[in-house]
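For reference, the structure discussed in these notes is given below.
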Protein chains: 2
Amino acid sequence: MTEKGVRLRPPDYVVLGMVRLGAQSGYDIKKLVHDSIRFFWTISEAQIYPSLKRLERVALVRGRSAPQGRRRRRNFDITPQGEAALRAWLTSGEAMPFELRDIGLVKLFFADALDRADALGLLQAIMERSRERVAALNRIEPKARRYKAAGIRHPPLTLRLGIAFHKAIIDVCAEFGGAKKR
Amino acid sequence: MTEKGVRLRPPDYVVLGMVRLGAQSGYDIKKLVHDSIRFFWTISEAQIYPSLKRLERVALVRGRSAPQGRRRRRNFDITPQGEAALRAWLTSGEAMPFELRDIGLVKLFFADALDRADALGLLQAIMERSRERVAALNRIEPKARRYKAAGIRHPPLTLRLGIAFHKAIIDVCAEFGGAKKR
DNA sequence: TTCTCCATGTAAGTAGTTACATGATTGG
DNA sequence: CCAATCATGTAACTACTTACATGGAGAA
């Protein structure tokens with residue numbers, strides 16, 4: 001339960017979860033998000049820093065000053081209450097509809113307005129985009145292997161999910177376009 | 001090119017594209033969106049009606065009063081300029097990054113904070129959600145078949161894409177969880 | 001008569017981003 | 001010495017949703 005009427009929203013739990021995974025500063029969180037969940041959830045600095053303050057106010061994280069030389073820095077760890085709050089959120093059973101918002105698919109949906117050549121061009125752009133995404137995800141793979149070695153299993157799972165569904169997109173597009181898969 | 005300094009944004013093109021596909025009124029657009037692109041792009045009434053006005057002002061659609069009995073109604077069709085503007089947008093080559101924003105995957109990413117049973121529960125919730133989505137998409141299939149019969153090929157393609165990537169999710173989750181695929 | 005659908009519209013609020021401001025440190 | 005990176009933060013803006021307001025028509 002969260003006290004004091006401070007309602008936490010998904011971005012707050014993202015920050016909390018990242019602190020739990022070892023991100024110490026706001027800057028660390030930014031970087032960790034960039035090479036993990038940014039593929040299905042983005043978060044900007046303008047959210048991270050206020051969120052850390054909120055989380056500290058309700059004692060879900062504990063922050064302390066940890067300057068590097070003359071460069072200021074605040075480090076955070078998760079508290080036992082923070083762990084509990086994160087678990088409560090993860091198991092809360094709230095609806096979590098799959099929400100996709102993709103101009104690419106919208107354009108593809110309307111592509112009958114184009115002549116054959118342009119429609120095919122659009123199809124190929126969609127395929128290319130998914131190929132690039134697969135490549136980007138594969139670049140993260142070494143990091144996932146390190147997680148696995150440390151007994152952390154779910155980040156690598158989400159990585160596999162990302163790769164799998166972009167491959168599915170490529171396959172369907174290839175079949176539709178009569179082109180080779182690559 | 002759009003004249004008069006009215007910059008059109010994706011929701012406007014969605015409205016334009018839907019008018020082109022035969023949606024006549026704002027209400028028609030709402031319904032058509034609901035059983036087609038809502039799976040990768042949502043749009044609310046508060047956007048549709050102002051958007052139709054904007055599009056009419058720059059002559060990309062033409063609207064006229066078409067009351068049903070005493071019930072008011074405005075019908076729209078796309079103009080030649082509207083067709084051209086839609087094609088220009090579809091072929092514009094602007095970046096169209098694949099943007100996914102999914103709390104479900106975020107939770108799965110953090111699931112190592114849970115014990116085995118809860119983590120498995122979350123995994124199953126993700127799978128269930130994709131199964132439901134596949135079912136919802138399959139329910140639309142008859143509509144897609146009618147499109148196909150009329151030579152409209154791309155809406156059915158996006159439908160297949162949706163089904164394919166949710167099946168991919170189900171498969172990966174099933175393998176990870178050691179469960180049956182269903 | 002009352003519920004659901006048809007139909008159009010707006011006001012107010014929410015969630016988020018972009019752009020900026022500041023300054024220290026490291027590497028080429 | 002200059003660029004990139006480390007590090008924190010805010011003001012202003014944008015996009016979008018929710019909730020509401022209004023009212024006609026058909027069906028149970």
Side-chain angles (χ1 to χ4, degrees), chain A residues 5-15 18-19 23-35 37-38 40-57 61 63-76 94-97 99-103 106, chain B residues 5-15 18-19 23-35 37-38 40-57 61 63-76 95 97 99-103 106:
Chain A
V6 179
R7 189 157 114 271
L8 298 180
R9 346 191 100 284
D12 297 308
Y13 289 105
V14 167
V15 168
M18 287 302 180
V19 171
Q24 305 209 70
S25 63
Y27 191 75
D28 276 356
I29 292 171
K30 182 194 151 173
K31 279 188 301 177
L32 186 49
V33 165
H34 182 83
D35 46 53
I37 64 164
R38 100 170 123 119
F40 43 87
W41 194 276
T42 61
I43 190 168
S44 68
E45 296 162 20
Q47 284 175 283
I48 292 171
Y49 293 105
S51 178
L52 281 169
K53 280 183 185 166
R54 247 192 322 275
L55 292 171
E56 195 178 10
R57 213 178 320 129
V61 300
R64 67 216 117 58
S65 208
Q68 306 286 299
R70 202 165 296 161
R71 186 196 281 159
R72 70 170 167 168
R73 185 183 163 110
R74 265 181 82 70
N75 278 358
F76 296 87
E94 52 161 8
M96 35 179 205
E99 273 161 52
L100 181 59
R101 193 166 181 80
D102 181 7
I103 310 185
V106 170
Chain B
V6 178
R7 189 157 116 270
L8 297 181
R9 345 187 104 284
D12 297 308
Y13 289 106
V14 167
V15 167
M18 287 303 179
V19 170
Q24 304 208 71
S25 64
Y27 191 75
D28 276 357
I29 292 171
K30 183 193 150 175
K31 280 188 300 177
L32 186 49
V33 166
H34 182 82
D35 44 56
I37 63 164
R38 102 171 121 117
F40 43 87
W41 193 275
T42 62
I43 189 168
S44 69
E45 298 162 18
Q47 284 176 284
I48 293 171
Y49 293 105
S51 178
L52 281 169
K53 279 182 185 166
R54 246 191 323 275
L55 292 171
E56 196 179 8
R57 214 179 318 132
V61 300
R64 67 214 119 57
S65 208
Q68 306 286 299
R70 202 165 294 161
R71 187 195 283 157
R72 70 170 166 168
R73 185 183 163 109
R74 265 181 82 70
N75 279 358
F76 297 86
E99 274 161 52
L100 182 58
R101 193 167 180 80
D102 182 7
I103 310 185
V106 171

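Below, chains carry the letters A, B, ... as their sequence lines are ordered, and counting in each starts from 1.
In this structure, the CG atom of B:L52 is 14 Å from the P atom of C:dA7, given to the nearest Å. Computed from coordinates, the A:L8 CG to C:dT14 P distance equals 16 Å when rounded to whole Å. With rounding to whole Å, A:Y49 atom OH is found 18 Å from C:dG16 atom P. One can place CG of B:D35 at 15 Å from C1' of C:dC5, the figure rounded to the nearest angstrom. Look at NZ on B:K31: it is 6 Å from P on C:dA7, rounded to the nearest Å. Atom NE2 of B:H34 is separated from atom C1' of C:dC5 by 14 Å (rounded to the nearest Å). Following rounding to the nearest Å, A:R9 (CZ) and C:dG16 (P) show an atom-to-atom distance of 7 Å.
Residue contacts for A:S25: at a heavy-atom cut-off of 4.0 Å it reaches the sugar-phosphate backbone alone, with no base atom in range. Using a 4.0 Å heavy-atom distance criterion, B:E45 is classed as a base contact. Among the heavy atoms of the strands lying under 4.0 Å from A:P11 are primed sugar atoms or P, OP1, OP2 only; no base atom is included. Among the atoms of the strands shown, base atoms are found under 4.0 Å from some heavy atom of A:R72.
Considering B:S51, B:P10, B:P11 as possible partners of B:I43, the one that fulfils the side-chain contact (heavy atoms from CB on, under 4.5 Å) test is B:P11.
Between A:S44 and A:Q47 there is a side-chain heavy-atom pair separated by less than 4.5 Å. You'll find the side chain of A:V19 reaches within 4.5 Å of the side chain of A:L52, heavy atoms only. For the pair B:R101/A:F40, no side-chain contact is recorded, criterion being any heavy-atom separation below 4.5 Å from C-beta on. Within the 4.5 Å cutoff, the side chain of A:I29 has no heavy atoms near those of the A:V14 side chain. In this structure, A:V33 and A:W41 have side chains that are not in contact, with every pair of non-hydrogen atoms separated by 4.5 Å or more.
Distances shown here put a side-chain N or O of B:R101 below 4.0 Å from the OP1 or OP2 atom of C:dG16.
Protein chain A contacts DNA chain D over a range whose 5' and 3' limits, counting nucleotides with an atom under 4.0 angstrom from a non-hydrogen atom, are D:dT5 to D:dC16.
When each of A:G69 and B:K53 is assigned the nucleotide of DNA chain C with its nearest heavy atom, B:K53 is the one assigned upstream, toward the 5' end. Residues A:Q68 and B:D28 each lie close to DNA chain C; by heavy-atom proximity, the contact nearer the 5' end of the strand is made by B:D28. Position along DNA chain D of the nearest nucleotide to A:G26 versus B:Q47 favours A:G26 as the more 5'-ward residue.
Residues that satisfy the salt bridge (Lys or Arg N to Asp or Glu O under 4.0 Å) test with B:E56, not counting sequence neighbours, are B:R74.
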